[in-house]
Novice: 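After the structure tokens below, expect a handful of questions from me.
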Amino acid sequence: MQDMENALYVVATPIGNLGDISLRALEILRGVDLVACEDTRHARHLLDHHGIKVPTLALHQHNENEAAEKLVRLLGEGKRIALVSDAGTPGVSDPGARTVAAVRAAGFRVIPLPGPNAAIAAMSAAGLADQRFLFAGFLPAKVGARRTAIQQLAGVDAALVFYEAPHRVMETVAELVELLGSTREIVIARELTKMFEQIARMPLAEAPAWFVADANHQRGEFVLIVSGPPPREGLDAECERVLIALLAELPVKQAAKLAAEITGQPKNALYARALALKDQDL
Ligand code: SAM
């Protein structure tokens, strides 16, 4: 390609179905001098499928700094480079961020080519009423850190989107039920765009039984989306934030009184909520 800019092109690639690649992505992959990729065999499979014969360079979480330096050098020589990950959008729970930062810092252009992403695909088919969602990605592997992370997300007024590996999915779901409360809904999006794609929606409390009902339910790649917390009576998020901050320093009655003065909300409602928060140990 003659007029292609000397830049780093961040190219989203399929999350399962090889057909899910944009015309522009193919044009760029055909035109670049080099494709930096997480796993060269994996990338080669995609490139071969589309008859593209561009050289590849491994760039993964264990060599990203050195590989990024090399890319900056090559960009300095006028090369055009594409960055892909094994699946979906680079930089989203995948390597890419450090490379992009280094390339930008060196003064080169970074051009995103949007496309497949498991979280967005799952959201698009979830049908949840939430206006907002928070992409939480992978939770920590260690139990304590994972539970803390879930607890910190419990009060967020948005649907929560998680990535999870098959060997940990049941454990995580059990913790989501325990720590987020059973009244929320869950959407389990499994093997998106692949042969055994499955998107199931149910009350969060029913999810552990769903996984046990069929061993196939535990296989493959997962996005888990938990709907936002039920609306609180009378108190908005800002009011809740003020109350929690005051409760950390003051007894319930005083915290409720001060919160009422600061927010203009009724003292009784704040007092009731403060008692509930104290009971939950927040
Ligand atoms: N960069 C990717 C993206 O844009 O979605 C995410 C890469 S991350 C290393 C891999 C995780 O994404 C999987 O463990 C799974 O949680 C989720 N994922 C990727 N492909 C998926 C698919 N086809 N169906 C469901 N989840 C998928």
Side-chain angles (χ1 to χ4, degrees), residues 8-22 24-25 28-29 35-43 45-46 49 58-64 67 82-101 110-128 133-141 146 149-150 153 159-173 175-176 186-202 207 210-211 214 216-226:
L8 178 73
Y9 297 84
V10 183
V11 182
T13 59
I15 56 170
N17 187 323
L18 284 181
D20 289 335
I21 188 152
S22 74
R24 186 171 164 231
I28 293 294
L29 290 173
V35 175
C37 53
E38 241 188 305
D39 178 331
T40 50
R41 274 170 313 169
H42 198 102
H45 179 60
L46 174 74
H49 182 79
L59 182 151
H60 42 72
Q61 57 169 334
H62 305 295
N63 79 343
E64 188 169 356
L83 172 69
V84 302
S85 61
D86 279 353
T89 303
V92 179
S93 296
D94 261 344
R98 281 184 275 160
T99 305
V100 165
V110 175
I111 302 176
L113 272 80
N117 167 259
I120 298 296
M123 271 310 288
S124 74
L128 292 172
F133 68 89
L134 184 147
F135 175 64
F138 286 104
L139 285 162
R146 191 165 67 233
I150 298 172
L153 292 168
L160 303 172
V161 183
F162 301 97
Y163 283 169
E164 194 48 282
H167 64 274
R168 210 179 288 137
V169 72
M170 288 185 61
E171 210 179 322
T172 295
V173 165
E175 283 163 359
L176 293 176
I186 187 167
V187 174
I188 303 163
R190 197 182 136 246
E191 294 289 86
L192 290 166
T193 78
K194 302 187 203 176
M195 190 183 303
F196 297 109
E197 176 180 274
Q198 189 172 29
I199 301 170
R201 176 173 169 174
M202 66 202 76
W210 183 87
F211 279 99
D214 182 341
N216 287 322
H217 290 174
Q218 299 159 32
R219 300 208 170 100
E221 298 196 276
F222 291 90
V223 180
L224 305 173
I225 307 180
V226 180

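When a ligand or atom number is given, it counts from 1 through the structure's own listing order.
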Novice: Indicate, as side chain, backbone, both or neither, the part of E197 found under 4.0 angstrom from ligand 1 when only non-hydrogen atoms are considered.
Specialist: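 Neither; nothing of E197 gets under 4.0 Å from ligand 1.
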Novice: Short N/O distance, under 3.5 Å, between A189 and ligand 1?
Specialist: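 Min N/O separation from ligand 1 is not below 3.5 Å for A189.
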Novice: Is there a nitrogen or oxygen of F222 sitting under 3.5 Å from a nitrogen or oxygen of ligand 1?
Specialist: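 Yes, F222 has an N/O under 3.5 Å of an N/O on ligand 1.
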Novice: Select one of side chain, backbone, both or neither to describe which atoms of D94 lie under 4.0 Å from any atom of ligand 1, heavy atoms only.
Specialist: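 Answer for D94: side chain.
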Novice: What about the rings of F222 and F162, do their centers lie closer together than 6.0 Å?
Specialist: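 Centroid separation for F222 and F162: 6.0 Å or greater.
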Novice: Has A87 got any heavy atom lying under 4.0 angstrom from an atom of ligand 1?
Specialist: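 It does; at least one heavy atom falls under 4.0 Å.
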Novice: When the ring planes of H217 and W210 are compared, do they come out parallel, tilted or perpendicular, using 30° and 60° as the limits?
Specialist: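 Because their plane-to-plane angle is under 30°, the rings of H217 and W210 count as parallel.
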Novice: Who's the nearest protein heavy-atom neighbour of atom 9 (C) of ligand 1, and how far?
Specialist: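 Going atom by atom, the protein heavy atom closest to atom 9 (C) of ligand 1 ends up being S93 O, 3.1 Å.
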Novice: Which protein non-hydrogen atom lies closest to atom 18 (N) of ligand 1, naming both residue and atom, and how far is it?
Specialist: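 I find the closest protein heavy atom is A118 CB, 3.4 Å.
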Novice: Between ligand 1 and F138, can you find any atom pair, the residue atom being a heavy atom, that is separated by under 4.0 Å?
Specialist: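 Right, F138 reaches ligand 1.
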Novice: A side-chain contact here means heavy atoms from C-beta on lying under 4.5 Å apart; do V173 and F211 qualify?
Specialist: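 The answer is yes; the side chains approach within 4.5 Å.
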Novice: Could a heavy atom of T193 be found less than 4.0 Å from some atom of ligand 1?
Specialist: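 For ligand 1, residue contact (heavy atoms, under 4.0 Å) with T193 is absent.
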Novice: Check this for me: H49, atom NE2, are more than 12 non-hydrogen atoms of other residues, nucleotides or ligands nearer than 6.0 Å?
Specialist: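 Yes, the 6.0 Å shell around NE2 holds more than 12 heavy atoms from other groups.
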Novice: Hey, does A119 come in under 3.5 Å of ligand 1, counting only N/O atoms on both sides?
Specialist: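 N/O-N/O distance under 3.5 Å: no.
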